[in-house]
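Notes to accompany the following structure.
These values consider heavy atoms only, across backbone and side chains, with no hydrogens, waters or symmetry-generated copies. Numbering starts at 1 and runs along the sequence shown. In each ligand, atom 1 is the first atom listed, and ligand 1 is the first ligand listed.
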Amino acid sequence: MNAPFPTSETAAERKPLNLLIAAPRGFCAGVDRAIEIVEKALERYGAPVYVRHEIVHNKYVVEGLKAKGAIFVEELDEVPDDAPVVFSAHGVPKKVPAEAQRRKLLYVDATCPLVSKVHRQAERQIEKGRHIIFIGHEGHPEVIGTMGQVEPGQMTLVETIEDVDKLPFESDEPLAYLTQTTLSVDDTREVIEALEWRYPNIRGPKAEDICYATSNRQAAVKDLAPDCDLVLVIGAPNSSNSLRLVEVSERLGTPAKLIQRAGEIDPAWLEGVETLGLTAGASAPEVLVREVVDAIGKLRNVEERTITAAEEKMVFKLPRQLTE
Ligand code: SF4
């Protein structure tokens, strides 16, 4: 019997799909280090090791560490006195290590060194008598951690230009600004310009606080999105840098979808798509990128190409207590 003539639907399915994969994508040096800290703590102290907050915002990573003996909690009062505890990559308010010391807990701080750098900048600005305007997203753990480096009332959070307009300070008050590390490069520039216009003497960091990994991943999406019909971003809904990647694509006129795993891809999304972009937030492992590529390969014939915006060689040292 002759093979059936392909319907228009199967022909469409066989049409090659250009898949543009962003580089850099996925894990950054701070996330690599935080995960290694939990793994090394498990090796050194044995299970269970408690972790305050999701070590990085990725379910796959968290489940993998749980399987090795990590227990995730939100607050220190959930940690027994005799168990080691790791603080997440996002950083913690000062009162958290202070409480751990008071209880004589064995703790390891996995705060990304680039977040710690912002914490030190906050301390220095307060020492110089300046009030800090912090640009960030309310409720994000990094923002809670950074605002918790200073006394209540010494730092004011703004998210938008409208928030800058509402600030109660006079134009000659001593002010400084700092930013969350995982913001939109473009939005933050606008907020800083609004601050500098309203407060000409405001001080800022020498180099912006948005980290290299956030900037590079946004630059890579800017490179590929204009050539794509759709961009998929692998990341968690509570991952700030992943949400920013969706926004970057959408602002360039290319629809984007945030997915956590390949199983969330709706085949209907690919209808009429000739070129698909793919990237991953800083807390999403490469194995999830390959899972998505394989899943798309089952729906369409894929021609894969990497679009490289920058090379990354950043590596952060582990805390000495885990290496000596
Ligand atoms: Fe550090 Fe940037 Fe990675 Fe956050 S996204 S952990 S600040 S390198």
* Asked: Does H53 have its ring centroid less than 6.0 Å away from the ring centroid of F72?
  -> no

### Y177 ring center near F134 ring center (under 6.0 Å)
no

For this session: Determine, stepwise, if the pair V115 / D209 fulfils side chain to side chain contact (heavy atoms under 4.5 Å, CB included).
Result: CA-CA 8 Å; V115 175; D209 296 322; over 6 Å; no

Ranked by distance from atom 7 (S) of ligand 1, the top protein heavy atom is T181 OG1, 3.3 Å

of all protein heavy atoms, closest to atom 1 (Fe) of ligand 1 is C112 SG, 2.3 Å

Metal site atom 1 (Fe) of ligand 1: N/O/S of C28 inside 2.8 Å: no

| message | With respect to atom 3 (Fe) of ligand 1, please indicate if C211 possesses an N, O or S atom at a distance under 2.8 Å. | response | no

Would you call the rings of F169 and H131 parallel, tilted or perpendicular if under 30° counts as parallel and over 60° as perpendicular? tilted

